[in-house]
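Numbers restart at 1 for each chain; the letters A, B, ... are given by sequence-line order, proteins then strands. We use all heavy atoms of the structure for the numbers below, so side chains are in, but hydrogens, waters and symmetry mates are not.
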Number of protein chains: 2
Amino acid sequence: MKLAVVLGYAGYGFSGSQFQPDKRTVEGEFIKAGISCGAWKDAKSASFRTAGRTDKGVSARRQIISVTPENPKKFIESINFHLPPDIWCVEYAEVNDDFYPRYAAGIRTYRYYFPCPMDIAAMQKAAEYFVGVHDFSGFSKMEKGRDPMRTVTKAAVFAGESGLPVFEVSAKSFLWNMVRGMAGILVAVGLGLTPPETVKEQLASHIWRVHPAPAAGLIFWDAEVPLSFSPMRQRTAVQRELAAKAKAARTDAAAAEALLGCGMDKFLRE
Amino acid sequence: MKLAVVLGYAGYGFSGSQFQPDKRTVEGEFIKAGISCGAWKDAKSASFRTAGRTDKGVSARRQIISVTPENPKKFIESINFHLPPDIWCVEYAEVNDDFYPRYAAGIRTYRYYFPCPMDIAAMQKAAEYFVGVHDFSGFSKMEKGRDPMRTVTKAAVFAGESGLPVFEVSAKSFLWNMVRGMAGILVAVGLGLTPPETVKEQLASHIWRVHPAPAAGLIFWDAEVPLSFSPMRQRTAVQRELAAKAKAARTDAAAAEALLGCGMDKFLRE
């Protein structure tokens with residue numbers, strides 16, 4: 001039986017979503033967990049597919065995948081208890097064999113979490129230029145012959161819970177590195193290095209490629225799928241691990257910032 | 001010639017300050033750097049001493065050390081360019097052979113950086129109970145026969161630059177794990193799990209030992225030394241690395257927090 005699953009994962013421990021031999025990937029860990037809970041015998045029978053490949057370090061809140069467990073009951077009941085705490089299944093739905101997440105998913109939404117306070121109003125003004133149908137070849141490592149036109153339906157910058165800026169962008173599909181490229185130019189705007197209008201100019205130029213923002217800030221936030229999902233049981237270990245990660249990271253940041261003010265700036269040399 | 005040096009280091013990459021074979025330590029890296037810049041030939045001739053040993057993960061802003069370079073000029077001019085970017089010398093002073101940082105340093109100050117917003121007023125009230133002469137055996141893994149009395153000259157909790165609470169505590173000397181133990185009880189107070197008066201009661205009980213706060217938040221902040229120090233040239237790489245660490249950590253924290261709100265909390269099970 002084929003199932004669609006809403007999948008979450010924390011990107012920091014993975015070399016991306018797609019299987020690679022000898023690397024820790026979301027697909028690799030997922031297939032292993034399915035074997036260990038008796039949902040399938042091997043990678044081939046699991047038939048793991050995603051709505052969108054994510055790069056090394058990128059997280060997902062509601063990624064859509066499909067799998068074909070030989071034992072769907074066992075899969076639904078126990079997969080979350082065999083997965084490592086940085087991957088979790090949120091919901092599932094039974095689907096027909098012709099369901100492919102990549103084609104079934106409609107509008108995809110990504111969020112980018114920035115690490116510094118910046119000029120949110122200027123970033124929001126810049127983000128508005130992304131909305132609409134544009135040639136985004138200036139924002140992607142383009143494969144030859146690929147259509148560079150994409151339709152961005154939403155692009156907004158707002159203050160997240162921590163007060164730091166968050167970029168949210170929605171489209172039916174994105175080019176490779178496109179969101180990180182957009183986030184990169186928003187950093188330059190947010191720091192006042194370039195005016196918001198730079199986005200408009202660069203969209204028109206098709207050539208210049210911005211320095212993409214680091215992968216860790218990027219989250220596959222959501223994807224529209226015309227399915228009625230049922231919830232799956234969760235492990236508290238997942239939340240504990242995420243909360244511990246957030247706390248440890250905030251301590252690291254505070255300590256590094258405190259050390260920066262140690263007076264060494266007075267006598268700097270390259 | 002013996003030199004006193006004001007030393008900074010970022011704790012996250014070290015198994016503590018003191019040399020251990022096969023582990024990355026501040027002392028080990030410092031001696032290696034001195035050999036590579038021609039300041040001394042081996043660990044023995046370097047004669048590395050600190051004002052206070054720091055544990056794995058603990059940072060220092062102004063740790064005091066002494067060394068005896070065979071070639072002081074070379075040491076002063078070039079040690080910072082041979083050290084890895086997570087250790088740096090801030091200042092130096094020529095001292096007599098009978099100078100030992102452990103005995104020469106007066107009041108030591110530590111800071112603890114907390115990772116969560118908490119009730120700073122309650123923490124401050126709790127911290128005030130630490131000031132004065134107390135038996136701190138309830139806050140340390142006590143070695144038998146060691147004097148548990150310590151004189152805390154200052155203890156304050158205030159909002160740091162990020163708005164998160166910072167604990168600053170000064171004393172002539174501390175017991176092992178004492179500051180992390182104090183920080184641990186301040187967490188319980190700051191989260192409202194226990195009233196500020198708990199500190200007073202626990203100081204009186206001498207038995208109960210609080211759960212110490214994690215090492216990463218602790219910084220050896222300063223030590224009074226009756227010396228006139230001269231500045232040493234710095235590498236910009238140190239500041240770049242600290243700034244990059246702070247940024248990456250803030251991104252990790254924001255991403256982990258964003259993923260926590262993915263709706264999985266509705267169906268939790270151990």
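- Contact of A:Ala243 with chain B is made through backbone and side chain together, with heavy-atom distances under 4.5 Å.
- In summary, A:Glu257 and B:Lys245 do not engage in a salt bridge, as defined by a charged side-chain N under 4.0 Å from a carboxylate O.
- Heavy atoms closer than 4.5 Å to chain A are found nowhere in B:Tyr112, neither backbone nor side chain.
- Atom CG of A:Leu242 sits about 4.5 Å away from atom CG of B:Leu260, to the nearest 0.5 Å.
- Here the OH-OG1 distance, from B:Tyr113 to A:Thr251, works out to 12.0 Å after rounding to the nearest 0.5 Å.
- For B:Ala248, no part lies near chain A; criterion is any non-hydrogen pair under 4.5 Å.
- With respect to chain A, the highest number of heavy-atom pairs below 4.5 Å among B:Ala253, B:Cys89, B:Gly8 belongs to B:Ala253.
- Taken from CG in A:Leu259 to CZ in B:Arg111, the straight-line distance is 11.0 Å, to the nearest 0.5 Å.
- Here the closest heavy-atom approach between residue A:Ala258 and residue B:Ile219 is recorded as CB-CD1, 3.7 Å.
- The choice from B:Gly217, B:Cys116, B:Pro117 that makes the most heavy-atom pairs within less than 4.5 Å of chain A is B:Cys116.
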